[in-house]
Amino acid sequence: MSDMALRFGRNDQLSGILSTPAFLPGNGHKLALVMITAGLVHKAGPYRLHTDLCRAAACIGYPALRFDVGGIGESNPRNSTAHAEEAAVADTIEALDALQEELGCRHFILAGLCSGAEVAHRVALQDDRVRGLVALDGYIIRTFRFYLHHYLPRILNWRKWRDWIRSHRDRREDMSVDASGELDGLKFWEELQPGRRTLVSQYQALVERDVQLLQVFSGGSGDCSYRQQFRRAFSDVDFGDRLDVEFYPHSDHMYILRADRQELVRTISNWLIEHFPLQQRAGDPLGRAVRPYPIATTAASLVRRIHQDAGTLARRGTE
Amino acid sequence: MLIESSYIGRPGRRIYCSYHPPTGRLVRSTSVLLCAPLGHEYFRTYRACVKLAQSLGAIGFPALRFDYRGTGDSEGDPACLDIAALLDDIRAAANELHRREPETAIAFAGMRTGALLACRVLKDFNCRHILLWDPVLDGETFVTSINALHSGVIKDLQRFPKERAQAETGRSERVGVDFGPHLLRELSELRIGKLDSTLRGAIACQATEAPRNAPDGLEVIPLQRAYGWNNARRIEEMIVDPAATRSLTQALAGVAA
């Protein structure tokens, strides 16, 4: 497994890191994982979640790209008047285009946390190349039972009241501190939440396209409070065997604890292996993918965009 | 201008670097190496460091940011980190900046524990200019506060449905980041101490936390807002402080060619 820094997109405005497997499947890299950032968090992800997940995917044979959407991290902002979420969708599609052009990938699995999951969902609807979707605390509808599971324990727990009071006190103190307006562009994320009927038709469309779905919710999501909630909320969608749901009631929304992140990475890795098996070399007792990764071949095609070790970097004034 | 990112160093422990070329006609004879904080503060300050590098580049200072091994997008196991490894990474990044900009003198900019570490290598590069952004002056104070913060985070019922036990987190894990078995102890032994009296630049800090005996050449810039480093509710809040970015940039422009 090896990480490579690269720039891609129109005018090379986007920055990403491609984790490449040590071995190349017999049919080449037809499938890649793409991690989409959320909010202002850069491509390493919260507490390095994206880095860990992409490297884990590459270690089991899937190329994995994590990248900064426009205006985040090392990516330049997209020059358009589109909403930030629409721009993120466009950036993600450019990421798929780049992987298709450079690695020959024809299919993709998109993954994201929170607003990253929402962008992944929107791209999956628009782009037939998306074969899998991993949504971490993505879209879900609150059911009646949600309220029972969510509020009843809180009402009965004095520590919850204590922390709720403290959080509101702290929020009042913090609201006055940032007048720069730099973060105003993120406010629209909340405005574009689809309603249940829209989501039902969208999930139905994904199922009809045979897109495999992994919906993961944390106890800290704020919108999911029990394992069966997603299926109940969308009970009128015939997911068949295209849906897997995981619920980690003990985890927070950001998977701040290392053990929680490791469990999540294992879940996603196992899901990839189960639903997107790599072509295996016949007779290999370990079922490994075939032949070593041809670094020279791929490096040759990527070298004009990849900023690697000394010697390939463009010098200022000589471009 | 595009930020140029790359990996440098030996396989298995390469560090991820991002070079910010100057974006205007002016090109100065000082370049700046930015040293990020450790732990969860790395995530809170990433955007601020990018903005500072961009601000410096806009007035002609080439700049380089990097991730220490085992952090961010760099390779390596965080459990193996110690002060020596972190300082090696700073030196490697500084050498990379020197390779890219051989005609420039290197200035260091450090935020929080990044400032604490940067001050350990200034003499290695004959550094004459520094920018310290809300620096951790005393490692022991920092370690004590992050221990308390971690205990508060795992008990925060606004974050977790149920309190998490200390045993569910790694022995050296603090607020989502593994510091390894040695780093916390070694950090607690570090101090910024007395800085070289010939250094010039700026320190941006809370008015009550200005270092004593700071060299006369270091402008003290009072921060207009509190960043809440010890507040468990703000551990994921991005630092957004354009005023501090501007002040630090202008301070360096006033003293460095």
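Chain letters run A, B, ... following the sequence lines, proteins first, then strands; residues in each count from 1.
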Problem set entry | Segment of A:M254 engaging chain B (4.5 angstrom heavy-atom cut-off) | side chain
Exercise. When you measure from the side chain of B:R164 to the backbone N and O of A:L257, does any donor-acceptor pair fall under 3.5 Å?
Worked result: no
For this session: Heavy atoms only: give me the nearest A:Y47-B:F43 pair and the separation to one decimal.
Result: CA-CZ, 3.4 Å
Problem set entry | Exercise: identify the closest heavy-atom pair between B:D73 and A:R55 | O-NH2, 3.1 Å
Exercise. Does any heavy atom of chain A fall under 4.5 Å from the side chain of B:P78, the backbone, both, or neither of them?
Worked result: side chain
Seminar exercise, completed: Note: vs chain A, highest number of non-hydrogen pairs under 4.5 angstrom among B:I154, B:T71, B:V177 is B:T71
For this session: Kindly determine whether B:L2 and A:N11 satisfy side-chain contact (heavy atoms from CB on, under 4.5 Å), including the steps that lead there.
Result: CA-CA 9 Å; B:L2 299 177; A:N11 304 318; over 6 Å; no
For this session: Indicate yes or no for a side-chain donor-acceptor contact from A:R261 to the backbone of B:G176 under 3.5 Å, with no hydrogens or angles considered.
Result: yes
For this session: May I ask you to test the A:R258-B:T169 pair for a side-chain heavy-atom distance under 4.5 Å?
Result: no
For this session: List the atom of B:M238, the atom of A:L40, and the distance in Å for their closest heavy-atom pair.
Result: CE-O, 3.5 Å
For this session: For residues B:R14 and A:D3, report the shortest heavy-atom separation together with the two atoms involved.
Result: NH2-O, 2.9 Å
For this session: Assess whether side-chain contact (heavy atoms from CB on, under 4.5 Å) is satisfied between B:E236 and A:V41, documenting all intermediate values.
Result: CA-CA 9 Å; B:E236 282 129 9; A:V41 180; over 6 Å; no
Exercise. Between A:H42 and B:Y42, does the ring centroid distance fall short of 6.0 Å?
Worked result: yes
Problem set entry | Under 3.5 Å donor-acceptor, A:R48 side chain and B:G72 backbone | yes
Exercise. Looking only at heavy atoms, what is the nearest atom pair of B:S5 and A:A5, with distance?
Worked result: O-CB, 3.6 Å
Exercise. Between atom OG of A:S2 and atom CD of B:E75, what is the distance when rounded to the nearest 0.5 Å?
Worked result: 6.5 Å
Seminar exercise, completed: Cut-off 4.5 Å, heavy atoms of chain A, and the answer for B:V175 is both
Problem set entry | Side-chain heavy atoms of A:H253 within contact of B:R159, under 4.5 Å | no
Seminar exercise, completed: The reported gap from OG1 in A:T51 to OH in B:Y16 (rounded to nearest 0.5 angstrom) is 10.0 Å
Exercise. Is a salt bridge present between A:R7 and B:E4, judged by a nitrogen-to-oxygen distance below 4.0 Å?
Worked result: no
Problem set entry | Between A:D260, A:I17, A:N76, the one whose heavy-atom pairs under 4.5 Å with chain B are most numerous | A:I17
For this session: Please report the shortest heavy-atom distance between B:P161 and A:S251, naming the atom on each side.
Result: CD-O, 4.2 Å
Exercise. So with a 6.0 Å cut-off around CZ of B:R91, is the heavy-atom count from everything else above 12?
Worked result: yes
Exercise. Are B:I235 and A:I256 side-chain neighbours, meaning at least one heavy-atom pair lies under 4.5 Å?
Worked result: yes
Exercise. Around A:H150, counting heavy atoms of other residues, nucleotides and ligands shown, do more than 12 lie under 6.0 Å from its NE2?
Worked result: yes
